[in-house]
*Asks:* 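Dropping the structure in here first, questions after.
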Amino acid sequence: MNDLLPRGVPVQLIDAEGLVRDDDGYAAPSTAALLDGYRSLVIGRRINDQCNALVRQGRLAVYPSSHGQEACQIAAVGALEAGDWLFPTYRDSVAVMLRGVRPADAMVLLKGDWHNGYDPYDHNVAPLTTPLATQLLHAVGFAHAAVLKGENTVALAMCGDGATSEGDFHEALNFAAVFRVPVVFLVQNNRFAISVPLSRQTAAESLAHKAIGYGMPGERVDGNDLAALASVLEVAVARARSGGGPTLVEAHTYRMQAHTNADDDTRYRERSEVQEWVERDPLTRLRAHLTRANLLDASAETAIADEAEAIATELRDALNADTAPDPRALFEHVYASGNPQLDEQYELLRGELERSREDAR
Amino acid sequence: MNDLLPRGVPVQLIDAEGLVRDDDGYAAPSTAALLDGYRSLVIGRRINDQCNALVRQGRLAVYPSSHGQEACQIAAVGALEAGDWLFPTYRDSVAVMLRGVRPADAMVLLKGDWHNGYDPYDHNVAPLTTPLATQLLHAVGFAHAAVLKGENTVALAMCGDGATSEGDFHEALNFAAVFRVPVVFLVQNNRFAISVPLSRQTAAESLAHKAIGYGMPGERVDGNDLAALASVLEVAVARARSGGGPTLVEAHTYRMQAHTNADDDTRYRERSEVQEWVERDPLTRLRAHLTRANLLDASAETAIADEAEAIATELRDALNADTAPDPRALFEHVYASGNPQLDEQYELLRGELERSREDAR
Amino acid sequence: MTMTSERPAATPAAATTLTMAGAINLALADAMQADDRVLVFGEDVGVLGGVFRVTDGLTARFGESRCFDTPLAEAGIVGTAVGMAMNGLIPVVEMQFDAFAYPAFEQVVSHVAKMGNRTRGAMRMPIVIRIPYAGGIGGVEHHCDSSESYYVHTPGLTVVAPATPQDAYSLLREAIRCPDPVVFLEPKKLYWTKGAVDPAVETPIGRARIAREGTDATLVAYGTSVPIALEAAAVAEEEGRSLQVVDLRSLTPYDDETVDAAVRSTGRAVVIAEAPGFASVASEIAARISERCFSWLEAPVRRVTGFDVPYAPPKLEHFYLPDVDRVLDAVDTLQWDD
Amino acid sequence: MTMTSERPAATPAAATTLTMAGAINLALADAMQADDRVLVFGEDVGVLGGVFRVTDGLTARFGESRCFDTPLAEAGIVGTAVGMAMNGLIPVVEMQFDAFAYPAFEQVVSHVAKMGNRTRGAMRMPIVIRIPYAGGIGGVEHHCDSSESYYVHTPGLTVVAPATPQDAYSLLREAIRCPDPVVFLEPKKLYWTKGAVDPAVETPIGRARIAREGTDATLVAYGTSVPIALEAAAVAEEEGRSLQVVDLRSLTPYDDETVDAAVRSTGRAVVIAEAPGFASVASEIAARISERCFSWLEAPVRRVTGFDVPYAPPKLEHFYLPDVDRVLDAVDTLQWDD
Ligand SMILES: Cc1ncc(C[n+]2csc(CCOP(=O)(O)OP(=O)(O)O)c2C)c(N)n1
Ligand SMILES: Cc1ncc(C[n+]2csc(CCOP(=O)(O)OP(=O)(O)O)c2C)c(N)n1
Ligand SMILES: [Mg+2]
Ligand SMILES: [Mg+2]
């Protein structure tokens, strides 16, 4: 039963220099898959850069950058089929967009227009969740329902290293294992919860070591190695789909930028530490690998760069467009079944607005 | 690091037949300790019987019997020094009494007179706690404070198998491991949470397998073997006291009676299952062992029985005494710093009582 | 409320006499029969049938997949219910006792209550959270909290508290049909009170009921305080005072129309609730009546509520609980000119 | 409140001008200096100094053992604080944002609030739970809840909400000295407002403050709504109406004496609070005034509160928040004979 323990070292198929590491347990993805993954990495990085710019320009209220963690989000989305569901956090906007949500819609929350900007059922993406670890339980319930309904859906739930300390993390993994539901838990261990280092979240050898305590397999993977992530998640998703129950995957990565634009990470970590991780960047390493293998030439690079630029432009244009959300929205959706008290309150607001319009005249 | 995993089979030093099982890891307690433990077992059993009787006679509002689990409670108390602290649940009245709390005081909650019947500081026993797993965090904070104050106190916190599913269990073990505080977590796995069997609480090989996920050692022990319990807890307490951090101990036992008098366990389990565990009774097995070793003769038995009877009588007399709690108590202790709204409300009640007394005249 | 026309198969032809627990059990069974998206889960709700036997027989009749026990974790129960609702099911979950719903508070307030709104109605939460609430049963600490104010103060939740077996049946059916999340408060001490239950009776959520006609003053009550109000009215009648009793039934939405009309007709009001009074549902009712019926009021609105102390231990609970005398004392203070 | 005479070493001789965040930071430092049983912990309160920098420099000055970061778990933070209090320490814990205190709700309601009572005073909980509360800062969902009503409704808790740097300092010092658990609500949007702070000023918990004298009507406010009330009073004065402003400062215990005297002097009252109004602190205030000042009231007590909806997204929050116009509109409805 100790086979539920993760390996001593994280699974790695392509190292920081872009060299292939053979692994007897996990096969590397096809070169086609890697090329497509590289494309997504470039796009994801561009999205992060663009959003950082937009927050500086005041077009976004806040942005939690996933710069350096893009491989995790790309692999997560890549492992799922269209009918499957993704349960993202506030840091997973890139994954949400890769899943098909229009960039502008994905950013509505962070722009401040509304709480959630897309219909979750359009692309099977749950709303971005901020209360930490709570979405893991939603994923488990969703997957449990799928089993009860006889649907072959897999739910992939993401959270950070800090979130693993919350009670909801524990309850989610336990429910998932007890009911053996098709969920994959992907922990992006980026070594920080805002300013708090991993050492304050756990004394265990790894976060994946928690899995055996629930009776599910745990695995650790290099979170900056798209190839390894893809293979490990493929196995986990396949296990879930075939009735093998949940898996806990810990991706070892790093939050290369501040927690959000509002954070100042110079207060709590050394630049040298950040620099070490820059050298393990998921994008540069895959580029090195593909170039060395002559799978990536200048023209391909340009094509990908153009595609990324197009998305960045779409994002920029959408967010630069000024929006004036309708105050009615505050009341419209609170109850589907109506509420007389809210009707009275909306009338109050409407009266105010009309009077102020009159004054304006 | 896998040495944090529990053994494949629970530690056992004296088997169900009372035969000694040699163990290279744990030494059996001295015969003096075993004899004293036997004495406590008889007393504990007598307390359970007496409380069951008192609840039938309506002298107790409710009683969660620990019949069959007495060895866990005795070993827990035995492992602690006077300066250490015990954090019990509603099922641990026997442990509370063995710790020195007067039987009558220990039963105040279950009698319905008041929420907690003893001063926790008199015997270093936290109040009996009902909200499941919440007391584990109290024990961790208590032990953390001891470290900060430079006091060499160990906290032993008890909970059941069902409580391990609560988020607070997770947060408590994690805080304990991260801050490396002197706590021993003793899970009495009695295989039921009211009607819900262990299989609905975990899919893991054992509850002790959760320990490695926090980076602390986990151990499984035969919860009906006082000798094994004593040795395993002794090691855990020693580790805590010497700065080695927390330990998770899972005691495999069985709730031989209904959850409480209000419960009807025939609705959810077979008598045959209960019978199997009767044969593993902690008391009969230790008696068999001691008698076989000629350490226990008729006169010793009588002496112990008399002592147990004396305690039962004390309990009976105390609970048969009718008490009329003072309504003022409802207001007196809510705030140490006073509250004008409560003063007004008490005046209202006092007025009512005076009027009703006048009417009575 | 959205209505569905299906009528359950297993429903007794006409009205039968049931306890409130029996009425709730029947409502669950009828709802599960009528709509196979409805499922029941929680602690001990399966083979045991719940510690109050309210879910008795549901697993036997509908199977493990429709009514089942979960691991012992309330945030887990409510949080997975959210996920199930996301996936098209209608979870009816039980919190074993009021105080044991607190671990689920974040899931209830930040997700159950808000999901429909934050997704602009795209993702509704047709969840019912059943909570045996309040005291009067001699329960030890944490088993008798009246926690309704926490839920009523939380926008997005619908909160219902029946006082009769018929309302328990009809309102629970409505709650299960309701596209919004409903906190369904079951007065523990009324579980075993009997009454006629006609499954054909449909009662919309949000409408109060005049439980007794009266002309001198209005007693506003809900859940456990309704029988007390009725008893007080009966006693008052002997003393020559005619008290009207309003049973709110639904706390959110709140029936201003019925309450205002009632109070305006008598000019006097006493609000009765078992929960601690400070910043409570009773405060809201008193504040609304005082504001909306200002010029009709002959006397200040009085509140008879639990004291602002932790719920009393069994042997002291009769001092804590609002009772007929305390209600009549309050009525006596309503500035009668006679 | 119990008083201790020690005066902190690091206290500036006389009054200085500080932001509210600075005043709270000073109060924490002075309290830690005055009593080494006081310790501060929570998420990011250590080297970062908190996301609002309120604990800035405490770890550097007092060391890791006095001010430290914990694992990311609010029930864990509050639950271990309970244990530390059991063992003689005085924990001051920070919940990073109001909505992120909900995971700790069970520990707060079932233990922090009740422990002193259930042990008949043997085991007191001198814990302070600091919660940056309310909105007006353009925060995204879950970052702007006004959760005070949940705590105020919970017997055993003391709840304080300062509106000025001086009160923030003095009341936090009192809260830390208080033998009872205190929920200390810090109005986020006032963190950067400046004011004079004299560390020598002692302000007992439970006493409201007349923030502005006035004769025509009384505005009752606390925390974030105090500046709005004062601004409204200033505008009203230009319009020839004299509005009195009461700053409650402490919600539990509540200062009936000051509020009643104020309202009786004007005969009219408007209660202003940012939280959703239904079953809220504002309901309690309105209900109390209506009951206790009945024969003095010229008009019904009005409430200007947040709407009963989830807190608004940044671009809509100005529609949600009570503002000067809404307050003055309410004042206009107070049945003026002129
Ligand atoms: C229940 C809860 N508590 C606190 C917060 C405030 N908060 C937002 S992000 C964050 C750090 C999360 O760290 P981690 O889980 O590692 O995710 P990361 O931000 O590193 O991706 C905190 C404390 C929250 N959102 N929810
Ligand atoms: C938070 C919480 N939820 C539910 C309950 C109701 N309850 C009391 S005991 C119990 C079963 C506990 O099982 P376990 O932890 O195994 O302890 P045991 O009773 O078997 O000793 C339950 C569900 C509670 N006390 N606290
Ligand atoms: Mg992180
Ligand atoms: Mg058990």
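Residue numbers start from 1 in every chain, and the chains themselves are labelled A, B, ... in the order their sequence lines are given, proteins ahead of strands.
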*Asks:* Does a sphere of radius 6.0 Å around CZ in A/R180 hold more than 12 heavy atoms from other residues, nucleotides or ligands, not counting ones at 6.0 Å or beyond?
*Replies:*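 Result for CZ/A/R180: open.
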
*Asks:* Check whether C/T70 gets within reach of chain A through its side chain, its backbone, both or neither, counting any heavy atom under 4.5 Å.
*Replies:*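 Its backbone and side chain both get close to chain A.
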
*Asks:* Taking salt bridge (Lys or Arg N to Asp or Glu O under 4.0 Å) as the cut-off, I'd like each qualifying pair that reaches into residues 155-171 of chain A, sequence neighbours left out, listed once.
*Replies:* none

*Asks:* Rounded to the nearest 0.5 Å, how far apart are CZ of C/R118 and CH2 of A/W114?
*Replies:*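 Result: 11.0 Å between the selected atoms.
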
*Asks:* Determine, stepwise, if the pair C/N117 / A/E332 fulfils side chain to side chain donor-acceptor pair (under 3.5 Å).
*Replies:* CA-CA 8 Å; C/N117 180 67; A/E332 254 172 351; over 6 Å; no

*Asks:* What is the minimum heavy-atom distance between C/Y254 and A/P340, and which atoms define it?
*Replies:* O-CG, 4.1 Å

*Asks:* Around atom CD of C/E257, are there more than 12 heavy atoms from other residues, nucleotides or ligands closer than 6.0 Å?
*Replies:*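 No, because the 6.0 Å sphere around CD of C/E257 holds 12 heavy atoms or fewer from other groups.
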
*Asks:* Evaluate the criterion side chain to side chain contact (heavy atoms under 4.5 Å, CB included) for residue pair C/M86 and A/W85; output intermediate values, then yes/no.
*Replies:* CA-CA 11 Å; C/M86 286 176 163; A/W85 272 70; 5.5 Å; no

*Asks:* Please report the shortest heavy-atom distance between A/P131 and C/E106, naming the atom on each side.
*Replies:*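 Closest heavy-atom pair between A/P131 and C/E106: CB-OE2, 3.4 Å.
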
*Asks:* So which of C/L72, C/I77, C/D36 has the biggest tally of heavy-atom pairs under 4.5 Å with chain A?
*Replies:* C/I77

*Asks:* Most heavy-atom pairs under 4.5 angstrom with chain A, which of C/G88, C/P181, C/G156?
*Replies:* C/G156

*Asks:* Given heavy-atom pairs under 4.5 angstrom as the criterion, report whether the side chain, backbone, both or neither of A/V334 touches chain C.
*Replies:*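 Looking at A/V334, backbone and side chain both touch chain C.
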
*Asks:* Between A/A172 and chain C, which part of the residue has a heavy atom less than 4.5 Å away: side chain, backbone, both or neither?
*Replies:* neither

*Asks:* Looking at side-chain heavy atoms only, is the closest gap between C/T119 and A/P120 below 4.5 Å?
*Replies:*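 Contact flag for C/T119/A/P120 side chains = yes.
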
*Asks:* Measuring from C/E64:CD to A/L148:CG, what's the distance to the nearest 0.5 Å?
*Replies:*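 Here the interatomic distance stands at 10.0 Å.
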
*Asks:* When rounded to the nearest 0.5 angstrom, what is the spacing between CD1 in C/I205 and CG in A/N339?
*Replies:* 12.0 Å

*Asks:* Between C/L39 and chain A, with a heavy-atom cut-off of 4.5 Å, which part of the residue counts as in contact: side chain, backbone, both or neither?
*Replies:*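 The answer is the side chain of C/L39.
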
*Asks:* Determine whether the aromatic ring centres of C/F68 and A/H144 lie less than 6.0 Å apart.
*Replies:* yes

*Asks:* Just checking, any donor-acceptor pair under 3.5 angstrom between side chains of C/D180 and A/S337?
*Replies:*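 A/S337 and C/D180 do have a side-chain donor-acceptor pair below 3.5 Å.
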
*Asks:* Can you see which heavy atom on A/G141 is nearest to which on C/M84, and at what distance?
*Replies:*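 Of all heavy-atom pairs spanning A/G141 and C/M84, the closest is O-CG, 3.2 Å.
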
*Asks:* Is any side-chain heavy atom of A/H333 less than 4.5 Å from a side-chain heavy atom of C/R124?
*Replies:* yes

*Asks:* For the pair C/Q107 and A/H138, evaluate side chain to side chain donor-acceptor pair (under 3.5 Å) and give the outcome as yes or no after the intermediate values.
*Replies:* CA-CA 10 Å; C/Q107 286 286 349; A/H138 306 164; 2.9 Å; yes

*Asks:* Between A/Y335 and chain C, which part of the residue has a heavy atom less than 4.5 Å away: side chain, backbone, both or neither?
*Replies:* both

*Asks:* Highest number of heavy-atom pairs under 4.5 Å with chain C: which of A/P127, A/G117, A/A145, A/A336?
*Replies:*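 Option with the top pair count is A/A336.
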
*Asks:* Chain C heavy atoms under 4.5 Å from A/L330: which part of the residue, side chain, backbone, both or neither?
*Replies:*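 Contact with chain C involves the backbone of A/L330 alone.
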
*Asks:* Does any backbone or side-chain atom of C/A81 lie under 4.5 Å from a heavy atom of chain A? Answer side chain, backbone, both or neither.
*Replies:* neither

*Asks:* Between A/N174, A/T153, A/L137, A/T130, which shows the greatest number of heavy-atom pairs under 4.5 Å with chain C?
*Replies:* A/L137

*Asks:* Can you tell me which portion of A/Y118 sits under 4.5 Å from chain C's heavy atoms? Options are side chain, backbone, both or neither.
*Replies:* neither

*Asks:* Which one wins on heavy-atom pair count under 4.5 Å against chain A: C/A75, C/S65, C/G121?
*Replies:*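 Result: the option with the highest number of such pairs is C/A75.
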
*Asks:* For A/A146, is it the side chain, the backbone, both, or neither that has a heavy atom closer than 4.5 Å to a heavy atom of chain C?
*Replies:* both

*Asks:* Looking at C/P91, C/A113, C/A122, which makes the most heavy-atom pairs under 4.5 Å with chain A?
*Replies:* C/A122

*Asks:* Please round to the nearest 0.5 Å and tell me the distance separating atom CG of A/D119 and atom CZ of C/R120.
*Replies:* 10.5 Å

*Asks:* For the pair A/Q341 (side chain) and C/P253 (backbone), establish whether a donor and an acceptor sit closer than 3.5 Å, ignoring hydrogens and angles.
*Replies:* no

*Asks:* State whether the side chain of A/K149 and the backbone N or O of C/N87 hold a donor-acceptor pair below 3.5 Å, judged by distance alone.
*Replies:*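 Checking the backbone N and O of C/N87 against the side chain of A/K149, a donor-acceptor pair under 3.5 Å is found.
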
*Asks:* Is A/L128 close to chain C through its backbone or its side chain, or both, or neither, when contacts mean heavy atoms under 4.5 Å?
*Replies:* backbone

*Asks:* Roughly how far apart are A/L342 CG and C/T252 OG1, rounded to 0.5 Å?
*Replies:*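 Output value for this atom pair is 10.0 Å.
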
